[in-house]
Amino acid sequence: MADESSKAYQPGEVEPKWYSKWVESDCFRGDEKGDGEPYSIVIPPPNVTGILHLGHVLNNTIQDILARRARMQGKDVLWLPGTDHAGIATQSKVEQKLRKEEQKTRHDLGREKFLEKVWEWKEEHGGIIISQLKRLGCSCDWSRERFTMDEDYSRWISKIFVDLYEEGLIYRGKRMVNWCPKSLTALSDEEVIMKPQKKAKLYYMRYRVAGEEDRWVEIATTRPETIMGDTAVAVNPKDERYADLVGKSVIRPFPEAEIPVVADDHIDPEFGTGVLKVTPAHDKADFEIGVKNDLEIIDVFNPDGTLNALAGPEFEGMDRFKARDVAAEKLEAMGQLIRVEDYQNSVGFSERADVPIEPRISMQWFLKYPCTEEAAAAVANDEIVFRPEHHKKTFAKWLGDIQDWCISRQLWWGHQIPVWYRKEKAEELQNLESLDAASAGSDIYVGIEPPADEENWVRDGDVLDTWFSSWLWPFATMRTSEEEESETLAKFYPTSDLVTGPDIIFFWVARMIMAGYRWQGELPFKNVYFTGIVRDRQARKMSKQLGNSPDPLDLIEKYGADALRFALLKGAPSGADLKYDEKLIEEGRNFATKIWNAARYREMQGTVDADPGESSIYAINIVAKLETLQSDLEKAYADYKFNEVAQLLYEFWWNNYCDWFLESAKGDFADDAAPEAKAATLATMDAVLERFLMLLHPYMPHITEELWAKFEFNQKFDPEFLMNTAIPEQPVLQGITRQQMDEAVEQVAAIYESVSRARNLKASYGLAASKDIKFYIDPEGGKFDESEVFGRLVGAKEVIIEPGYQAEKGVPVAICAIGKVYLPLEGLIDVEAERERLTKELKKSGDELKKVESKLGNENFTSRAPEHVIQEMEERKEHWGSRVEELKQMIENLG
RNA sequence: GCGCGAGUAGCUCAGCGGUAGAGCGACUGGUUUACACCCAGUUGGUCGGCGGUUCAAUCCCGUCCUCGCGCACCA
């Protein structure tokens, strides 16, 4: 055995050591040729330039637990890692840097040069999150690491674009889209988040009716800066107040123009004044009214959210929010602003850039989702199981009313759309109102490879939404687009579990299911486990702005990766958010130390150097508990209750093993103890430790591997590493009958319960420390020969077994499972104190008895309750009844 | 407005029809053959409110309240 261990576990040295050994020995490789049952997970690819946060820790620890457990069940495991190019996020980081360091925009560099810069940035920062995952202990097959911009992967993107285009599902059109004025690109509906605006204003203004002297129409709006784009006002056709106005015109104040009054059902007569100004270029609903009424569309914004020439010279170049104030002032000056009210509404924000998006008409590529029916059915009938189950509904609802997906982005970093326009017609083609495979002529080329005479063509400049690459992840990481099949895919697809956050159920999960059916003809994964979101103590989301997001690497440094993993999982209720508190991690660290020290204690007892004698009841008991633990873990894992698994492991070790078993076993290591007894106990300790390390390994891989090697368990099993050792089917201790086990468990439970009562007695007389305590036990007809262990556990100098013991009046006594336990206190007898204590206990017991009696006295109960419940009540009645009698007697004896 | 989730000890959460549990905290005591990142003990709860079903409800049903999330609307 190795040198004596230090008092506290040192994760900083141990953890990286084992990680390197695992990697060097190729332990994480998914064997596509193996003949074991396959188990696979694809990692939700983090942003390539991202940094690990607690959400990642939670998510990836769960995946690691699943992967490690599967390995220890003898399966062939593939956990396939990789990263995502994260279009907008990465591009804007590099643009920011460019602006700061060189005062340049991407346009100053040009597409090619700029992309070089991004690749440089990626090379420089791209490895960080991967190395952080390694520090956490993640057992990913790094030999298969993928990146969404890898060549093979990129070809996949082109292929599916071509497939979908040819199928008629991808088309180009001029539509109202969500435009981000900061990132200067279109966004999908999913990338827009609604944020309530507390300080918004509702402006009431009036437009004059054309051709009438002094007639005005009142209109309420939140966006006076779009007045210049108004091309109509609208009222509800049923609204009698304005019935005569429909068909007439009103005067737009600036630039002054006559605009028609139209009727539309969409108008809510109750809202504001019941009159809506219609700005088809800047509002989705207005756009539709515009189309229906054939209204002119005037776009008064530049792409960056400033106003353009159409807004008039005094607004040109002005920011949209400034323009709002200026427009209001102008109205006021014209006497057309009636009043301004405080108002609360919600405004769509760009998820990434965190600025209000602008509805904008522009030319974009769209996708009609494929295989939506297969996807809906798979989840509805649990071919793909969602956990927690309630996410099924969210999924079904979204799928029920999805809109076409805007897949084009006006960015450079990403997969450029594989569409070419013949040079001389490029401009004309790109301005077509709509375009799809059916309408495109030979002047448009869509293909994986560029056209042969590329110099005669112009390629579409847009790139695809990052999620358009992510939805292929489960299979595009396993085979190339040219291969029909690959060994890896054949073995590991569909994947077993997907672990992800519920916030990307639409972005990613739903779309992956569709893509799985579309290109692989089957589901991409069988189970989806949605983690909760990690929040701070005030239940706020972790965010950079709030500074409430601790760096997991700091925590690993301070407490160890195992501690962090265990603690987060123990505190993460399945399906609910996790409230993070550093105290949790401390608990994890303490647990690691506890395991370390219990192992160290074993180490200090030396080797087994005699033939083991019969196992003690305590040994049999702990083995029985271990077996219960094992089956409880099975159940918890089956339900993906990771917090429960952690709880069970923690409780077994700390409570059952350390606090009870080890303490009861210490007598076997005394100098005068029988060598066979010592040997038997050591054997039990080894057996329990060995099995427990196996069970704990998925949660705390490093410390368990360290102890596994320290105790040389690795010499007993075939593979070198615990991480690759299959948990044996056989019970921990063999040759013990079920009956022996049951008897030992019952006996030990009685002893432990009695110990607790005796400790209680000691404490209530303030004798916690005293060594000169003697207990007398009257086994009351039974027999009790465990006085030594009893004395050790209670903390007494001597325990005397004396049937029929006659205590002096006032001697404290506890009624226990093993009999009556007396605590004679020389010179300290206080009859009144004992009377008080017993009276209190009598009250408690009496209450219990009354409860049971009233139940049993109720005929409704006795006639309707099931037999076993009644029997249980009878037993309880007897138990409390005799206790009450005894207590009464004892109090009476006090005089 | 629609849907989902949550409300149990001071805090974080288990339990989900038959005696209310854990960890942390607080308090008291402790150098017992590993561990103070420890040990022992104590404290602490009309299980959000009101109704109903049942012999029996924290658990099932209805309803209301509070909080969180998603979707829709938001001139």
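Labels below follow one simple rule: chain letters A, B, ... track the order of the sequence lines, proteins then strands, and each chain is numbered from 1. Since the structure is predicted, the reported quantities are computational estimates derived from the model, not experimental observations.
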* Please say whether more than 12 non-hydrogen atoms of neighbouring residues, nucleotides or ligands are located less than 6.0 Å from CD in A:E557. => no
* Structure fact -> Sequence neighbours excluded, the answer for salt bridge (Lys or Arg N to Asp or Glu O under 4.0 Å) partners of A:D686 is A:R602
* **Length of the CG-C1' vector between A:N760 and B:rA40, whole Å** => 11 Å
* Is A:N590 near enough to B:rC38 that one of its side-chain N or O atoms lies under 4.0 angstrom from OP1 or OP2? -> yes
* Quick one: which of B:rG18, B:rA40, B:rC74 gets closest to the side chain of A:Y343? -> B:rC74
* Asked: Looking at B:rA40, does its base get a donor-acceptor pair with the side chain of A:E663 below 3.5 Å?
  -> no
* Which nucleotide, B:rG70, B:rA56, B:rC37, lies nearest any side-chain atom of A:F506? -> B:rG70
* Pick base, sugar-phosphate or nothing for A:K558, based on heavy-atom distances below 4.0 Å to the nucleic acid. => nothing
* For atom CG of A:L662 and atom P of B:rC38, their distance in whole Å -> 15 Å
* Asked: What is the distance from CG of A:N655 to C1' of B:rG21, rounded to the nearest Å?
  -> 13 Å
* Structure fact -> Whole-Å distance, A:F530 CZ to B:rG70 C1', equals 13 Å
* Phosphate OP1/OP2 of B:rA14: any A:N643 side-chain N/O under 4.0 Å -> no
* Structure fact -> Rounded to whole Å, the NZ-P distance (A:K762 to B:rG29) equals 15 Å
* Structure fact -> A:N860 has its side chain closest, among B:rC55, B:rC73, B:rG18, to B:rC55
* To do: When you get a sec, tell me which of B:rU33, B:rA34, B:rG68 is the closest nucleotide to the side chain of A:Q605?
  => B:rU33
* Asked: Is any side-chain heavy atom of A:F386 less than 4.5 Å from a side-chain heavy atom of A:V509?
  -> yes
* Asked: Can you tell me if the side-chain N/O atoms of A:K392 get under 4.0 Å from OP1 or OP2 in B:rG70?
  -> no
* Tell me, do A:R837 and A:K840 make a side-chain contact under 4.5 Å, heavy atoms counted? -> no
* **A:H391-A:F530 aromatic ring centre distance below 6.0 Å** => yes
* To do: Side chain of A:A865 only, please: which of B:rG18, B:rC35, B:rC73 is the nearest?
  => B:rG18
* To do: Would you kindly check whether a donor in the side chain of A:K570 faces an acceptor in the base of B:rA22, or vice versa, at under 3.5 angstrom?
  => no
* Tell me, do A:Q10 and A:W596 make a side-chain contact under 4.5 Å, heavy atoms counted? -> no
* Can you check whether A:W654 has a side-chain N or O nearer than 4.0 Å to OP1 or OP2 of B:rC39? -> yes
* Asked: Quick one: is A:R759 getting a side-chain N or O under 4.0 Å of the B:rG41 phosphate, OP1 or OP2?
  -> yes
* Structure fact -> Separation of B:rC11 atom P from A:E586 atom CD, nearest Å, is 20 Å
* **Sugar-phosphate, base or nothing in reach of A:I267, heavy atoms under 4.0 Å** => base
* Asked: Which part of the nucleic acid, if any, lies within reach of A:A670 when heavy atoms closer than 4.0 Å are counted: base, sugar-phosphate only, or nothing?
  -> base
* **Ring-face cation of A:R387 near A:Y529 (centre distance under 6.0 Å, axis angle within 45°)** => no
* To do: Whole angstrom is fine here: how far is it from CG in A:L793 over to P in B:rG41?
  => 11 Å
* Structure fact -> Taken in chain and number order and not counting sequence neighbours, the residues that satisfy side chain to side chain contact (heavy atoms under 4.5 Å, CB included) with A:V884 are A:L842, A:S845, A:L849, A:K888
* To do: Just jot down the side chain to side chain contact (heavy atoms under 4.5 Å, CB included) partners of A:N590, sequence neighbours excluded, or say none.
  => A:W654
* For B:rG3 and B:rC64, measure between their P atoms and round to the nearest Å. => 12 Å
* Asked: Tell me, do A:L649 and A:F692 make a side-chain contact under 4.5 Å, heavy atoms counted?
  -> yes
* Looking only at side-chain atoms of A:Q647, point me to the closest of B:rC74, B:rA22, B:rA20. => B:rA22
* To do: May I ask you to evaluate whether A:K579 reaches the phosphate of B:rU12, defined as a side-chain N or O under 4.0 Å from OP1 or OP2?
  => yes
* If you check every side-chain atom of A:R535, which of B:rC74, B:rA22, B:rG68 has the closest atom? -> B:rG68
* Structure fact -> With both pairing distances under 3.5 angstrom for Watson-Crick or G-U wobble, and | for a partner in another strand, the correct string for RNA chain B is ((((((((.[[[[.)..(..]]]].(((((.......))))).....[[[[[..)....]]]]])))))))....
* Just how far, in rounded Å, is C1' of B:rG15 from CG of A:L648? -> 13 Å
* Quick one: label A:E848 by what it contacts on the DNA or RNA (base, sugar-phosphate, nothing), any heavy atom closer than 4.0 Å. => base
* Taking the same atom, P, in B:rC11 and in B:rG45, what whole-Å distance lies between them? -> 12 Å
* If you check every side-chain atom of A:A8, which of B:rC24, B:rC37, B:rU19 has the closest atom? -> B:rC37
* Asked: With a 4.0 Å cut-off on heavy atoms, is A:K397 in touch with a base, just the backbone sugar-phosphate, or nothing at all?
  -> sugar-phosphate
* With sugar-phosphate meaning primed atoms plus P, OP1 and OP2, does A:D581 contact a base, only sugar-phosphate, or nothing at under 4.0 Å between heavy atoms? -> nothing
* **Side chain A:D264, main chain A:I289, donor-acceptor under 3.5 Å** => no
* To do: In whole angstrom, give me the gap between the P atoms of B:rC39 and B:rC16.
  => 28 Å
* Asked: Just wondering, do A:E651 and A:L629 contact through their side chains at under 4.5 Å, heavy atoms?
  -> no
* Could you check whether A:R792 gets within reach of a base, just the sugar-phosphate, or nothing at all, counting any heavy atom under 4.0 Å? => base
N/O-N/O pairs, protein side and nucleotides 4-7 of chain B side, under 3.5 Å:
residue, atom, partner, partner atom, Å
B:rC4, OP1, A:K393, NZ, 2.9
B:rC4, O2', A:H390, ND1, 3.1

* Report which part of the nucleic acid A:P866 touches: base, sugar-phosphate, or nothing (heavy-atom distance under 4.0 Å, all strands). => base
* Under 4.0 angstrom between A:K594 side-chain N/O and B:rC39 OP1 or OP2 -> yes
* To do: Assign A:S346 to base, sugar-phosphate, or nothing according to its heavy-atom contacts below 4.0 angstrom with the strands shown.
  => base
* A:D659 side chain, from C-beta outward: closest of B:rC55, B:rC24, B:rA40 -> B:rA40
Just distance, no hydrogens or angles: give the donor-acceptor pairs under 3.5 Å from side chains in residues 869-881 of chain A, sequence neighbours left out.
residue, atom, partner, partner atom, Å
A:E872, OE2, A:R876, NH2, 2.8

